[in-house]
Peer 1: 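Here it is: the structure, laid out below.
Since the structure is predicted, the reported quantities are computational estimates derived from the model, not experimental observations. Residue numbers run from 1 in the order of the sequence given.
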Amino acid sequence: MKIAKPKLSFWQIFNMNVGFLGIQYSFGLQQTAVNPIFSFLGAEHDQLPLLNLAGPVTGLIIQPIIGAISDKTWSPRWGRRKPFFLIGALLGSLCLFAFPFSPALWFAVGLLWILDVGNNMAMEPYRAFVGDKLPNSQLSFGYQMQSLFVGAGIVLANASIFLFQDWFGGAEQVADSVESIPKWLYYSFFIGAVLSISTILWSVLKTPEIPPSEEEMEDIKKHRALGLAERVKAPIIEIMEAVKDMPKFMWKLSGVYLFQWYALFVYWQFIAPMFKESMGFDSSQALSQAAKMNTTYNISTIVFALALVPLALKFGGKKVYVLSLFLTAIAMLSIPYIQDPLLVVLPMVLFGIGWAAMMGIPYSMVSKIVPQERRGVYMGILNMMIVIPMGIQTLTFGPIVKYLLDNSAVNAILFGGVFFVIAGVLALRLKQPESNGEEDVVSGFGAGH
């Protein structure tokens, strides 16, 4: 059955995506500050990939399961997706507040696991939430608006790091032998704790969910009637069946994601250590420079996120996505050879264009081809395609960087650039998917409901 959805106004789409600001602020801190914190607490280069195992493992388990459960959830008061990203945001806020007080490496690693559970619980239903609300003609705009907030959240996180270091760092910018978390870094985490829950609440209060159709409601009632054991097994069975029925487009996309996300994890882990090696910075200076790099590429993401919508409509999402991967490759391959701390941020404009496309276009393409009643589980499976490469990276890249790349962070970044080239080549094999048959109610931006 075709599903008819009213088109939403600009501000309705804006409001429904505000919660991504808090979620991505948290991810911004993970990208830039968590690995340096591990180093402050005594972690070595080759230990960093394994210490980041929390992200891929929790994403692999939490997102598809939460997606499958949310597909079978409905509350007239709380909705279908909202309860999950509310709980996830609250859990993330508590962890962000506690993180800078970590007394030892093991404590910080444990908090990262809990933080990732919260972030993944919030993330997956949010992806499905956007797909639930928007007709096919607005999906590209909706997911690129998400990209805008992805960039904005990470910009705020990274800007807070280097600004607070400049304002409050003082005498703490000392030798690398000090194994403690700088006090100026605390403030970034406190802001994240507030944003995580407050932005989610904004979207929850501003955006009503669309009630299930009669067929979906019957399916939900049947699920509720199952015994406890059957209800526990149901999400796992649903995931397995969805994988079996997965569109060929998603299988091809998984090959692209293998190299794309492996390379991204390499970048986030080794960009700060690279500056210690390439420019002779100490740990605090390297962290500040990495924050400036990440701020630059996410500002670029904000600028280009919505600009990619008409380009994707005119030339097709695939062409824009392929170009974005090659631009990101150029950025990573050039960074290690630029010695000026100011000029080295220029490649991050290209990186930001790539990040904007990666955070929006694949989701809009997939959302158009999956059935509404399985949107949650398929968004979870799409995330599995992200976290499996990350898991492979955490398990394999430690020995690779130690034994094949001369334990060099510079070589690690170049390695990531090569993987982006491979991802771009594989993306050339993608074929534009056909629509899932959902219909619009009216044309243009409307008042919604």
Peer 1: If you look only at distance, which donor and acceptor atoms sit under 3.5 Å apart when one is on a side chain in residues 394-401 and the other is two or more places apart or in another chain?
Peer 2:
{"unit_1": "Thr394", "atom_1": "OG1", "unit_2": "Gly391", "atom_2": "O", "d": "2.8"}
{"unit_1": "Thr396", "atom_1": "OG1", "unit_2": "Tyr262", "atom_2": "OH", "d": "2.8"}
{"unit_1": "Thr396", "atom_1": "OG1", "unit_2": "Ile392", "atom_2": "O", "d": "2.7"}

Peer 1: With a cut-off of under 6.0 Å to the ring centre and 45° to the axis, is Lys248 in cation-pi contact with Trp251?
Peer 2: no
Peer 1: Looking only at heavy atoms, what is the nearest atom pair of Lys133 and Glu209, with distance?
Peer 2: CD-CA, 4.4 Å
Peer 1: Is a side-chain donor or acceptor of Gln138 paired with a backbone partner of Lys7 at a separation under 3.5 angstrom?
Peer 2: no
Peer 1: Is the Trp355 to Trp268 ring centre distance short of 6.0 Å?
Peer 2: yes
Peer 1: What pairs with Ile237 under side-chain contact (heavy atoms from CB on, under 4.5 Å), at least two apart in sequence or on another chain?
Peer 2: Lys233, Glu241
Peer 1: Quick one, Leu350 and Thr328 - any side-chain contact, counting heavy atoms below 4.5 Å?
Peer 2: no
Peer 1: Identify the heavy atoms of Leu86 and Leu201 that sit nearest to each other, and give their distance.
Peer 2: CD2-CD2, 3.7 Å
Peer 1: Let me confirm one number: the CD1-OH distance from Ile191 to Tyr186, rounded to the nearest 0.5 Å.
Peer 2: 15.5 Å
Peer 1: Measuring centre to centre across the rings, with the benzene-like ring taken for any Trp, is Phe20 within less than 6.0 Å of Phe149?
Peer 2: no
Peer 1: Taking all non-hydrogen atoms of both residues, which atom of Ala89 and which atom of Ala122 are closest, and how far apart?
Peer 2: N-CB, 4.2 Å
Peer 1: Would you say Leu325 and Met358 make side-chain contact, with heavy atoms under 4.5 Å?
Peer 2: yes
Peer 1: Hey, could you give me the CG/CG distance between Asn15 and Leu205, rounded to the nearest 0.5 Å?
Peer 2: 10.5 Å
Peer 1: Please check if the side chain of Ser203 supplies one atom and the backbone of Ile200 the other of a donor-acceptor pair under 3.5 Å.
Peer 2: no
Peer 1: Mind checking whether Phe351 and Tyr267 have parallel, tilted or perpendicular rings, split at 30° and 60°?
Peer 2: tilted
Peer 1: Atom OG in Ser408, atom CE in Met274: separation rounded to 0.5 Å?
Peer 2: 9.5 Å
Peer 1: For the residue pair Pro211 and Trp74, what are the closest heavy atoms and their distance?
Peer 2: CA-CH2, 3.6 Å
Peer 1: Could you please spell out the steps behind the side chain to side chain contact (heavy atoms under 4.5 Å, CB included) verdict for Val204 and Phe85?
Peer 2: CA-CA 9 Å; Val204 165; Phe85 49 74; 3.6 Å; yes
Peer 1: Determine whether the aromatic ring centres of residues Phe97 and Phe190 are separated by less than 6.0 angstrom.
Peer 2: yes
Peer 1: Just by modelled atom types, is the Ala159 backbone N or O under 3.5 Å from a matching donor or acceptor in the Thr295 side chain?
Peer 2: yes
Peer 1: Does the pair Ile37 and Phe189 meet the rule for a side chain to side chain contact (heavy atoms under 4.5 Å, CB included), with working shown?
Peer 2: CA-CA 12 Å; Ile37 282 177; Phe189 281 84; 3.7 Å; yes
Peer 1: Would Asn298 and Gln24 count as a side chain to side chain contact (heavy atoms under 4.5 Å, CB included) here? Give the steps.
Peer 2: CA-CA 11 Å; Asn298 282 286; Gln24 292 302 318; over 6 Å; no
Peer 1: Do the side chain of Lys318 and the main chain of Leu428 share a donor and acceptor less than 3.5 angstrom apart?
Peer 2: yes
Peer 1: For the NZ atom on Lys402, are there more than 12 heavy atoms of other groups (residues, nucleotides or ligands in this structure) within a distance under 6.0 Å?
Peer 2: no
Peer 1: Whether the side chain of Asn407 engages the backbone of Tyr403 through a donor-acceptor N/O pair (distance < 3.5 Å, no angle test) should be reported.
Peer 2: no
Peer 1: Taking the side chain as every heavy atom from C-beta outward, state whether Phe27 and Asp116 have any pair of such atoms under 4.5 Å apart.
Peer 2: yes
Peer 1: Hey, does Ile161 have a side-chain heavy atom less than 4.5 Å from the side chain of Leu29?
Peer 2: yes
Peer 1: For the residue pair Leu21 and Trp202, establish whether any side-chain heavy-atom pair is separated by less than 4.5 Å.
Peer 2: no
Peer 1: Could you measure the distance from the CE atom of Met293 to the CD1 atom of Ile271? Nearest 0.5 Å is fine.
Peer 2: 4.5 Å
Peer 1: Which heavy atom in Gly317 sits nearest to a heavy atom in Ile361, and how many Å separate them?
Peer 2: O-CG2, 3.6 Å
Peer 1: If I compare all heavy atoms of Cys95 with all of Ile114, which pair ends up nearest, and what's the gap?
Peer 2: SG-CG2, 3.2 Å
Peer 1: Does any part of the side chain of Ile335, heavy atoms only, come nearer than 4.5 Å to the side chain of Met348, both counted from C-beta?
Peer 2: yes
Peer 1: Report yes or no: do Gln12 and Thr207 form a side-chain donor-acceptor pair below 3.5 Å?
Peer 2: no
Peer 1: Ser196 versus Ser26: any side-chain heavy-atom pair under 4.5 Å?
Peer 2: no
Peer 1: So, Gln260 versus Tyr321: side-chain donor-acceptor pair below 3.5 Å or not?
Peer 2: yes
Peer 1: Should Tyr337 and Leu414 count as side-chain neighbours, where that means a heavy-atom distance under 4.5 Å?
Peer 2: yes
Peer 1: Working note: Met332 + Phe415, criterion side chain to side chain contact (heavy atoms under 4.5 Å, CB included); need CA distance, chi angles, decisive distance, verdict.
Peer 2: CA-CA 9 Å; Met332 285 192 70; Phe415 183 98; over 6 Å; no
Peer 1: Walk me through it: do Tyr25 and Ser160 pass the test side-chain hydrogen bond (donor to acceptor under 3.5 Å, both in side chains)?
Peer 2: CA-CA 10 Å; Tyr25 186 103; Ser160 74; 3.3 Å; yes
Peer 1: If you measure only the distance, is there a donor-acceptor pair under 3.5 Å linking the side chains of Gln30 and Asn119?
Peer 2: yes
Peer 1: When rounded to the nearest 0.5 angstrom, what distance separates CE in Met16 from CG in Leu8?
Peer 2: 6.5 Å
Peer 1: What is the distance from atom CD of Gln269 to atom CG of Leu51, rounded to the nearest 0.5 Å?
Peer 2: 9.0 Å
Peer 1: Only counting residues at least two apart or in another chain, list the ones meeting ring-ring contact (aromatic ring centres under 6.0 Å, His included) with Phe315.
Peer 2: none
Peer 1: Out of the candidates Met385, Gln393, Met390, only one should pair with Trp261 under the side-chain contact (heavy atoms from CB on, under 4.5 Å) rule; please name it.
Peer 2: Met390
